[in-house]
Amino acid sequence: MKEGFKVRRSLALATALSTGFVPALAQAASHDDEVTALRREMREMQRQMREEIHVLQARIARDEGRAVPAAAGHEAGGAPHVVHAHRWAGGPLPTIGEAQGPAATQRPRTDAETRLITPEGPIPSWAEIRAATARDETVHVGGMQIGFPAGRPTISSEDGAYSFSIGLTAQEDIGGFIGAGPKRGETNGNFNKLTENARRLRLYFSWRYKDWVANVTPEFGSSSVDGSVSLFEANANYTGLRHTTLTVGYFQPRMEEESAERASSFEFLERPTIIDLVRNLAGGVARFSVGGEHYENRWQAAAYFTGQKFGDRSKDTTITDSQTGAVARIVGRPYVSKDIDVHVGAGATSAFKVNQNSSGRNYTFSDNMEVPLGETSLLTSGALTNVSQIWAAGPQLAFRWRHFLLKGEYYHVGVERGRNAGASPLPSLNFDGWYVAANYTLFGRGRGYNVKTGAFTTPGVEHDFDPAHDYWGALELSGRWSVTDLSDVANQGGVGINGDQQTVWAGGLNWYPNQHFKFMLDFDHFIVTRSKGVSGGVDLLGRTGNAVAGRVQATF
């Protein structure tokens, strides 16, 4: 209260000077020979005072906003009105010139400000940018604004119409496999006892003109074996419609709750296997997409028409007819309170046709054991030939009670086969997969819900790691059970080639010392049934094993 009174008194004094004393002084000196120089000096004084007033107003708005409890007030519909700090480029807008050291760490944050910075959107509209800029302290240099919203180096014009920013996601994994040796009569495969992998190394370049935004993000990491360079996204977006983003270009459309969380917010190192399989049918990273998404406080919907992935034709120069497909998702929050959050929804995807190359239209489902260390993929459907269409659909459910979060998704996959004249008909196939995950935040704020993405986000770090003041960041414990069954009928991949089933039990511990860094440790136990569909005779008799892997992550 004392600090607020001092700030208001300074505001009143500055306003009085700028509106009363300074003009009077200018009038008194109007007959002086140095009136021109004096007026110039007064104008400079007024400009400096206006800047000081702007800074003080920003600080008052910031401090008073943080004094309001996160769950204060209720809307007409009975749901609590949650006070959030505005988030630009996936994160809260920090204030240039804030107190540093212990004084900064002792100041409480709003709920939105405590969450991990997520540089992969959602993209704010120009109106949101202007509103945030009005409350933010930035450095003004020659008609330009320079600042670090959400830790991102950002340069913009004075009115914010033009802006350019750079972001980062860096994930380095290290770990290995224990007791994953082969059974008698089969080969070992690649299961390193200790290895490293740069999982994601993304630089986000974003350019804005008002409500038009262009994103280009090169990828220097890899899904399992680093050393390659690719593209994560390259797209154009329009954000001028209320709570809506329209996108065209190489993009990652998201139909599952797990994917909507964004990679930097995962509970575990990787998504459950079934999620990776269905998202790559017509979505996945760097998929050509045309569509959009819209959100409200209680629901979110998205739909995209999609084509082939970036690099498909360079990897396979015999492609003569590119893939087309679609991705759709709708989710809602039927019940929300301070302690409870219920999420329900459904996602669907379809590859109307897969890429056609010199061998025809073929597709193989295959994935690792949810550990991204370059290991041999034991789960497979076998190579499926003459594929006319693949689709997947299923529900997604989640329930949060205070610091505890329980969620799960189920997807059914259908594979339709072609009917070639004179050839024996191939059977259509049906596969299934699901997961159930539980999460508990040991200290820090529990996982929260992001209405813009329709998914849960990371625990909240109320105070940066500072043991001297008994601040430890946030810590969460997670467990997950996932099953994926790619075995439907005998000889589905050719004579003697059958699919298999994979079960993974996983436990994880994640520590967040602040909003930009995350440390993860996972333990996985996997069980895979026998299959001749894995190349090299690796999984003829089935395989079980364990993996331990950790990750260091930085985002801004």
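In this chain, numbering begins with 1 at the start of the sequence shown.
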Go through it in stages, so that I can follow the logic: the residues are F517 and F519, the test is ring pair (Phe, Tyr, Trp, His ring centres under 6.0 Å), and I'd like the CA-CA distance, side-chain angles, deciding distance and then a yes or no. CA-CA 7 Å; F517 287 85; F519 297 86; 7.1 Å; no
Classify the angle between the aromatic ring planes of Y363 and F365 as parallel (below 30°), tilted (30 to 60°) or perpendicular (above 60°). perpendicular
Can you name the residues that form a side chain to side chain contact (heavy atoms under 4.5 Å, CB included) with S388, not counting sequence neighbours? E416
Which atoms form the tightest heavy-atom contact between V489 and P427, and what is the distance? CG2-CG, 4.0 Å
Just do the side chain to side chain donor-acceptor pair (under 3.5 Å) check on R279 and Q252 with the steps written out, would you? CA-CA 9 Å; R279 79 185 186 94; Q252 181 181 188; 2.9 Å; yes
Those residues that, when tested against Y335, pass side chain to side chain contact (heavy atoms under 4.5 Å, CB included) (two or more places apart): S337, I340, V342
Just distance, no hydrogens or angles: give the donor-acceptor pairs under 3.5 Å from side chains in residues 404-411, sequence neighbours left out.
residue : atom : partner : partner atom : Å
K407    : NZ   : E257    : OE1          : 3.1
K407    : NZ   : E258    : OE1          : 2.9
K407    : NZ   : E261    : OE1          : 3.4
K407    : NZ   : E261    : OE2          : 2.3
E409    : OE1  : E257    : N            : 3.2
E409    : OE1  : Y411    : OH           : 2.7
E409    : OE2  : E258    : N            : 3.2
E409    : OE2  : Y435    : OH           : 2.6
Y410    : OH   : D432    : OD1          : 2.3
Y411    : OH   : Q396    : NE2          : 3.3

Sorted by chain and number, sequence neighbours left out, salt bridge (charged side-chain N to carboxylate O under 4.0 Å, His left out) with D539 holds for none
Sole residue of T529, V528, T544, D367 in side chain to side chain contact (heavy atoms under 4.5 Å, CB included) with L378: V528
Sequence neighbours excluded - salt bridge (charged side-chain N to carboxylate O under 4.0 Å, His left out) pairs with any residue from residues 319-329: D321-K353, D321-R361
Sort and list the pairs that fulfil salt bridge (charged side-chain N to carboxylate O under 4.0 Å, His left out) and have at least one residue in residues 541-554, not counting sequence neighbours. D173-R551, E186-R543, E270-R551
From CA spacing to verdict: side chain to side chain donor-acceptor pair (under 3.5 Å), N237, T247: CA-CA 5 Å; N237 305 267; T247 301; 2.7 Å; yes
Could you grab the distance from atom CD of E375 to atom CZ of F191, nearest 0.5 Å is fine? 6.5 Å
Would you verify whether the NZ or CZ of R480 falls within 45 degrees of the ring axis of F268 while also being under 6.0 Å from that six-membered ring's centre? yes
Polar side-chain atom of T555 near backbone of I117 as donor-acceptor pair, under 3.5 Å: yes
Excluding sequence neighbours, so at least two apart, what forms side chain to side chain contact (heavy atoms under 4.5 Å, CB included) with S358? T318
Taking side chain to side chain contact (heavy atoms under 4.5 Å, CB included) as the definition, give me every residue that meets it alongside A198, ordered by chain and number, with sequence neighbours left out. E172, L201, D226
N368 side chain to E370 backbone, donor-acceptor under 3.5 Å: yes
Quick one: ring pair (Phe, Tyr, Trp, His ring centres under 6.0 Å) pairs with a partner in residues 280-300, sequence neighbours left out? H243-Y295, H294-W299
Provide the full list of salt bridge (charged side-chain N to carboxylate O under 4.0 Å, His left out) pairs with a residue in residues 308-319, sequence neighbours left out, each pair given once. none
Test of understanding: with salt bridge (charged side-chain N to carboxylate O under 4.0 Å, His left out), list the residues that count as partners of E296, not counting sequence neighbours. R242
Over 60° means perpendicular and under 30° means parallel, so tell me whether W434 and W481 are parallel, tilted or perpendicular. perpendicular
Cationic tip of R202 above F232 ring, under 6.0 Å, 45° of axis: yes
Contacts of D341 that satisfy salt bridge (charged side-chain N to carboxylate O under 4.0 Å, His left out) - sequence neighbours left out: R333
